[in-house]
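Below, chains carry the letters A, B, ... as their sequence lines are ordered, and counting in each starts from 1.
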Amino acid sequence: MRGAAMPASGADAPAAREIAALRPMMLGLARLQLRNDAWAEDAVSETLVAAVEGLPGFDRRSALATWVVGILKHKIMDQFRRNRREISLEAQGTLAGEDETLEPLFLEDGHRAAAPLDWGDPEQSLARGQFLAVLQACLDRLPAPLARVFLLREWLEFSTPEVCKEMQITSTNCFVMLFRARMRLRECLEATWFAGERVQPHG
Amino acid sequence: MARFRIDCRRAHWLLSQRCDQPLRTGERLALWLHLRSCEWCAIVARNFRFLSTAARRLDPR
């Protein structure tokens with residue numbers, strides 16, 4: 001069922017075509033969260049089947065794409081849980097292999113070493129479609145475990161205890177990973193999107 | 001209030017933690033006091049919120 005939606009009959013046919021057209025977008029989101037092409041393909045295929053089969057029950061109170069992405073999120077989590085052992089081992093490896101500190105950001109006395117960039121009004125940036133593309137590119141550059149943990153928390157909106165449980169890591173490790181993910185995303189966004197927004201030093 | 005004084009390094013860590021769970025009362029007060037007096041950390045606080053908002057907008061609208 002890769003690459004095409006299940007055929008739908010009669011009145012559902014245009015909606016089924018609309019669902020099939022969402023496939024590239026869904027694949028992008030699934031890859032971003034799962035960081036594994038085969039798992040992402042499976043999650044998207046299962047979503048397409050579930051969406052086409054569920055079309056008669058779709059009440060159109062939300063946009064079709066929103067409804068389909070809702071299904072996709074469940075299918076992503078199914079894949080996540082099926083491959084949890086591998087995901088958890090990879091997360092442990094990331095924690096063991098990195099020893100990032102905040103040192104370059106701060107002086108010995110604990111003050112910031114340099115002025116941060118002011119990212120300005122979020123709505124203004126978010127209204128520009130390219131920003132989300134840049135954010136996706138930055139997420140893509142994160143090590144897989146950091147991207148997974150960040151997106152579980154922020155995109156799938158799991159609570160932190162749920163994130164720790166899904167990743168099978170301790171809460172301390174979970175916080176460290178979320179912290180590192182945010183640090184790296186900030187760095188990446190500042191280098192690619194917000195460059196030039198640095199505020200003036202204050203006295 | 002001196003016991004609630006924190007530096008930027010600690011504030012930065014608390015800002016990240018605040019995205020993931022409610023801070024304890026003492027931590028919340030310390031962070032609030034710090035952000036009132038540190039313009040740079042207040043900017044970073046806004047940037048953290050921005051990042052959360054942006055990640056939630058990855059869905060198609």
Side-chain angles (χ1 to χ4, degrees), chain A residues 22 25-26 28-29 32-33 63 65-66 68-70 72-73 102-103 105-107 109-123 125-126 131-132 135-136 139 150-151 153-155 157 159-161 163 171 174-176 178-183 185-186 189-190 194 199 201-202, chain B:
Chain A
L22 295 172
M25 175 275 292
M26 287 196 280
L29 289 172
L32 211 55
Q33 173 68 71
T66 308
V68 172
V69 169
L72 174 69
K73 287 179 174 180
L102 289 174
E103 294 317 317
L105 273 185
F106 299 97
L107 303 171
D109 63 5
H111 283 99
R112 289 185 182 279
L117 297 179
D118 190 342
W119 293 4
D121 176 14
E123 294 306 328
S125 285
L126 292 169
F131 176 78
L132 289 176
L135 176 62
Q136 288 207 13
L139 282 163
F150 178 79
L151 287 168
R153 175 76 191 104
E154 300 286 16
W155 181 50
E157 300 187 48
S159 69
T160 314
V163 173
S171 62
C174 202
F175 281 123
V176 170
L178 284 163
F179 180 76
R180 287 179 185 172
R182 290 195 181 95
M183 292 291 291
L185 284 172
R186 288 183 63 237
L189 287 171
E190 291 191 350
F194 295 110
V199 295
H202 60 73
Chain B
M1 284 300 185
R3 75 190 181 98
F4 291 113
R5 193 167 296 148
I6 54 173
D7 62 17
C8 299
R9 188 198 311 263
R10 175 77 182 142
H12 196 98
W13 171 254
L14 290 178
L15 284 172
S16 177
Q17 262 205 333
R18 188 173 72 170
C19 300
D20 301 318
Q21 68 170 17
L23 298 178
R24 286 194 287 269
T25 310
E27 292 172 332
R28 215 165 54 229
L29 176 59
L31 183 60
W32 182 78
L33 288 169
H34 183 84
L35 293 180
R36 268 175 43 132
S37 62
C38 179
E39 184 196 342
W40 286 3
C41 286
I43 290 169
V44 173
R46 289 200 295 275
N47 293 353
F48 269 112
R49 273 198 294 274
F50 185 120
L51 200 51
S52 290
T53 309
R56 283 159 204 217
R57 297 280 181 88
L58 287 170
D59 283 3
R61 277 172 197 258

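A heavy-atom distance below 4.5 Å is found between the side chains of B/Val44 and A/Arg112. Within the 4.5 Å cutoff, the side chain of B/His12 has heavy atoms near those of the A/Met183 side chain. At a threshold of 4.5 Å between non-hydrogen side-chain atoms, the residues A/Trp119 and B/Ile43 do not count as touching. Side-chain contact between A/Leu139 and B/Leu58 is present, with heavy atoms from C-beta onward closer than 4.5 Å. Residues B/Arg9 and A/Leu107 fail the side-chain proximity criterion, which asks for heavy atoms closer than 4.5 Å. Within the 4.5 Å cutoff, no side-chain heavy atoms of A/Trp155 are placed close to those of B/Arg56. No side-chain heavy atom of B/Ser16 sits less than 4.5 Å from a side-chain heavy atom of A/Phe175. Within the 4.5 Å cutoff, side-chain heavy atoms of A/Leu132 are placed close to those of B/Arg57.
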Walk me through it: do A/Leu178 and B/Gln17 pass the test side-chain contact (heavy atoms from CB on, under 4.5 Å)? CA-CA 9 Å; A/Leu178 284 163; B/Gln17 262 205 333; over 6 Å; no
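With rounding to the nearest 0.5 angstrom, the CZ atom of B/Phe48 is 10.5 Å from the CG atom of A/Leu185. Atoms CG and CZ, from A/Leu126 and B/Phe50 in turn, are 5.0 Å apart once rounded to the nearest 0.5 Å. Expressed to the nearest 0.5 Å, how far CG of A/Asp118 lies from CH2 of B/Trp40 amounts to 13.0 Å. With values rounded to the nearest 0.5 angstrom, A/Ser159 atom OG is found 10.5 Å from B/Gln21 atom CD. To the nearest 0.5 Å, atom CZ of residue A/Arg186 and atom CG of residue B/Leu51 are 8.5 Å apart.
Heavy-atom pairs under 4.5 Å with chain B peak, among A/Val163, A/Leu189, A/Val69, at A/Val69.
A/Leu151 touches chain B through its side chain: at least one heavy atom from C-beta onward sits under 4.5 Å away, while N, CA, C and O do not. Heavy atoms closer than 4.5 Å to chain B are found in the side chain of A/Leu32, but not in its backbone.
Residues B/Asp20 and A/Arg182 are paired through a salt bridge, judged by an N-O separation under 4.0 Å between the basic side chain and the carboxylate.
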